[in-house]
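A short worksheet on the structure shown next.
We count ligands from 1, going down the list as the structure has it; atoms in each ligand are counted the same way.
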Amino acid sequence: RAKSAGGNRFELADPEADARAITRHGLTTALPTALDRGEFFIEYQPLVHLGDGSVRGAEALVRWLHPQHGVLGPDRFIPLAEHTGLIVPLGRWVLEQSVRQAREWRERYGDGTAAGPLRINVNLSPCQLTHPGLVQDTVDILERAGVDPDALCLEVTESALIGADDDLLKPLRRLAEMGVDIALDDFGTGYSNLANLRRLPVSILKLDRSFTQSMQQFPADPVDLKIVEGIVSLAHSLDLAVTVEGVETGAQAEQLRILGCDTAQGWYYARPGPPERLHELALVDATG
Ligand code: C2E
Ligand code: MG
Ligand code: MG
Ligand code: MG
């Protein structure tokens, strides 16, 4: 923000904030046409079964290859896309690409991987949830690709569902009835209302990275251990599977496996990467 210093001279109140505002403005301007220009691409990060180490699928994570700024992570542009409404067509594009990718993996490997056909996780923003076309778009995309709904998992953050009324949950329920898994992303960061879980059509809890981080030390903080243990046992008693995010070390993976978590994701296994990378990982799995 500029502060008037008399005449037409302006003094920067906070040069860094100003630079951020300029970049933000530039990105907002470039965003609407970026989809048509083909500047978005998707990286895939494997989801690994903690029990046997097999690759079960991957999460699709969108990136923007900006002509001036290089590769931008979703934290830089998803909020802008939500603000401008571009998130709906962008989200649809991500879903379509990811589902097609899942079909390619499944065609290539079928049940050939250690754990059967690979599945795909796609993030949904709150704006997509309230968009009336969500269910039909998803059905169309799955049909066009010839992919079973049970190959797809849609990730919704806990905060997007806080205080959700039945109208908001209806499309998610329809998708869940079709066989699409719904995962509660970043679980444990919001005002987790554990009792609330019962009325949400979710089948997977994705435990936030902050829990994984607290497993860094060995032995881990006993209170954190109790909390994770409690969440896992509650989740399992409600028939929910537990996925952990942000696993960076073998010690974390081992601790979380002992605590009963089902699936893990993180740099320890692989960073998000191009789809061929998953081919390699899944193949190693199936043969070794
Ligand atoms: P998320 O869904 O919770 O995704 C996990 C994030 O953790 C990803 O960040 C991933 O790269 C990062 N990560 C994975 N393993 C590790 C690890 O071991 N250590 C650390 N420190 N980080 C790890 P990314 O790719 O920057 O995505 C950030 C967020 O952007 C995602 O969080 C998701 O909420 C959102 N996002 C990404 N793609 C999409 C999309 O297509 N649509 C929507 N609506 N949101 C998306
Ligand atoms: Mg996610
Ligand atoms: Mg997450
Ligand atoms: Mg997260």
* **Asn123 near the Mg ion (ligand 2) via N/O/S, less than 2.8 Å** => yes
* Just checking, is any N or O donor in the side chain of Gln265 or Asn121 under 3.5 Å from an acceptor N or O on the other one? -> no
* To do: Could you tell me if any non-hydrogen atom of Lys206 lies under 4.0 Å from any atom of ligand 1?
  => no
* Asked: For ligand 1, is there an atom lying under 4.0 Å from some heavy atom of Gly246?
  -> yes
* Scan side-chain atoms only and decide if Ser203 and Asp181 contain a donor-acceptor pair under the 3.5 Å cut-off. => yes
* Do any N/O/S atoms of Glu59 come under 2.8 Å of the Mg ion (ligand 2)? -> yes
* Could you tell me if any non-hydrogen atom of Glu82 lies under 4.0 Å from any atom of ligand 1? => no
* **Glu155: its N/O/S atom lying closest to the Mg ion (ligand 2) (atom name)** => OE1
* **ligand 1 N/O within reach of Asp185 N/O, cut-off under 3.5 Å** => yes
* Report yes if some N/O of Gln265 lies less than 3.5 Å from some N/O of ligand 1; otherwise report no. => no
* ligand 1 N/O within reach of Val62 N/O, cut-off under 3.5 Å -> yes
* Asked: Restricting to N, O or S atoms of Asp185, which is nearest to the Mg ion (ligand 2)?
  -> OD2
* Asked: Any non-hydrogen atom of Glu245 lying under 4.0 Å from ligand 1?
  -> yes
